[in-house]
Amino acid sequence: MRLLYDLGIFLYGALLRLLAPFHAKAKLWVDGRKDIFKLIEQTVESNQKYIWFHFASLGEFEQGRSVMEQIKQHYPSEKIIVTFFSPSGYEIRKNTPLADHVFYLPEDTASNARRLLDLIQPKFAVFTKYEYWYHYFRELRKRKIRLLMISAIFREEQLFFKNYGGFYRSILKDVSFFFTQNTESVNMLKWIGITNAGLAGDTRFDRVVELPKQHRDIPAVQQFVGQHPTLVAGSTWPADEELLHALLAKNTEWKVVIAPHEIHAEHIQQLKRLFPDALLYSAFSSYTTTQIIEARVLLIDNIGMLSSLYHYGRIAYIGGGFGAGIHNTLEAATYGMPVIFGPKYEKFQEAVDLIELGAGFSISTAQELEDVFHALQDSGKVRIASDAAKRYVQQRSGATQIVMKYITTEKLLG
């Protein structure tokens with residue numbers, strides 16, 4: 001099975017290298033790993049032991065962010081290295097002040113694992129959610145370096161729990177401790193003989209609970225919104241945007257702020273064709289007062305504003321539910337906003353929870369979106385949904401302190 005795993009790693013890299021000339025993300029993935037070890041050797045301090053955080057992408061970074069903040073606050077002399085698998089994480093957070101160095105993760109081979117650990121000499125490693133790499137995990141264990149998995153979550157259909165999943169179960173056995181999001185995950189690990197796990201919750205809650213207090217004012221958005229009821233659509237994809245177009249046509253008193261997941265020129269032009277009268281945030285200063293008052297759509301064509309944009313809305317729409325899966329619902333919920341999203345949400349515990357609480361709503365068609373949106377015009381219903389969303393976030397904070405207590409008790413730092 002290991003040979004098949006290694007072959008899969010090789011073929012995945014080979015495929016991306018073939019696609020790189022034609023696909024922007026594949027090119028970033030490939031280019032980011034060219035001469036990666038030379039870059040690391042030139043950048044890291046020799047004989048310096050680092051705390052290693054690895055994230056698949058941007059969402060996982062947000063799960064580890066609060067832990068890094070706590071380490072920086074309580075152990076300011078410690079050095080942190082962050083690695084990313086995906087360009088969508090690396091390109092946005094490559095300059096984060098929480099890390100001393102940020103790199104792409106070299107492909108998971110035995111030689112790469114040895115070489116990377118030789119260079120960064122981790123005091124311990126922190127991985128998030130469901131990033132499991134055989135060679136990196138095995139090398140950490142060989143060197144007796146603690147490996148913590150935070151915000152871990154497991155589902156019955158994963159390979160770990162199949163009769164033929166022995167190889168993948170062996171990867172789990174290299175983890176020193178699992179901090180899980182729910183009790184079900186703890187029980188599933190026990191079912192396959194892994195007892196070094198405990199319920200902590202999702203560390204993202206510890207960051208998002210503070211967002212309403214820390215949001216930055218955005219005068220252009222405030223001017224655009226004015227006194228109009230506003231829907232904020234975050235991390236949208238074309239399928240989401242088609243539904244929003246239909247919704248806007250039937251609700252003329254509302255305004256919409258759209259922060260798409262992809263902001264490259266082609267997608268922005270596609271949005272402009274869909275919403276011909278939309279304003280661009282980057283050109284906001286060029287619009288007249290009349291244009292701003294009359295416009296009903298504002299397109300956010302930059303990165304990094306979304307968590308503050310929700311402050312200006314009454315209802316949130318979260319994109320991705322017609323593709324691989326929905327994006328971050330918690331950043332909207334923490335503001336006390338009802339959250340609407342597409343049908344692919346089952347893998348996201350917070351989305352399941354929000355639906356059960358009456359604060360989240362899944363839709364599959366334009367008519368379903370219209371029906372949910374219409375129902376939320378009732379002041380009583382929207383207040384109940386809003387209160388449930390905010391309370392949900394507030395009641396689930398605290399996972400970071402559980403992780404930090406482990407780090408302190410086990411004397412991993414200091």
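Every heavy atom of this structure was used, including side-chain atoms; hydrogens, water molecules and symmetry mates were not.
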For the rings on [X] and [Y], is their centre-to-centre separation under 6.0 Å?
X: Trp52; Y: Phe103; answer: no
X: Phe127; Y: Phe137; answer: yes
X: Tyr132; Y: Phe160; answer: yes

State plainly whether the residues Arg115 and Asp118 are in salt-bridge range, i.e. N to O under 4.0 Å.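 Looking at Asp118 together with Arg115, the answer is no, because their closest N to O distance does not fall below 4.0 Å.
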
Exactly one of Thr203, Asp202, Asp206 should register a side chain to side chain donor-acceptor pair (under 3.5 Å) with Thr400. Which one does? Asp206

[X] side chain near [Y] side chain, heavy-atom distance below 4.5 Å:
X: Phe341; Y: Ser362; value: yes
X: Ile340; Y: Ile315; value: yes
X: Trp254; Y: Arg314; value: yes

Please say whether the positively charged group of Arg33, taken as NZ for Lys or CZ for Arg, lies over the ring of Phe85, i.e. under 6.0 angstrom from the six-membered ring centre and within 45 degrees of the axis. yes

Is NZ or CZ of Lys123 both nearer than 6.0 Å to the six-membered ring centre of Tyr50 and within 45° of the ring axis? no

One pair to check against side-chain contact (heavy atoms from CB on, under 4.5 Å): Val82 and His54. What are the steps and the verdict? CA-CA 6 Å; Val82 165; His54 173 70; over 6 Å; no

Check the pair Asp108, Tyr5 against side chain to side chain donor-acceptor pair (under 3.5 Å), reporting the backbone distance first and the verdict last. CA-CA 10 Å; Asp108 185 34; Tyr5 177 87; 2.4 Å; yes

Closest heavy-atom contact between Ala239 and Phe322?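 Nearest pair, atom of Ala239 first, then Phe322: CB-CB, 3.8 Å.
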
Exactly one of Val102, Leu58, Leu98 should register a side-chain contact (heavy atoms from CB on, under 4.5 Å) with Arg93. Which one does? Leu58

Name of the residue among Glu350, Glu60, Glu331, Glu62 meeting salt bridge (charged side-chain N to carboxylate O under 4.0 Å, His left out) with Arg204: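 The salt bridge (charged side-chain N to carboxylate O under 4.0 Å, His left out) with Arg204 is passed solely by Glu350 among Glu350, Glu60, Glu331, Glu62.
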
Check the pair Ser185, Asn182 against side chain to side chain donor-acceptor pair (under 3.5 Å), reporting the backbone distance first and the verdict last. CA-CA 6 Å; Ser185 293; Asn182 55 31; 2.7 Å; yes

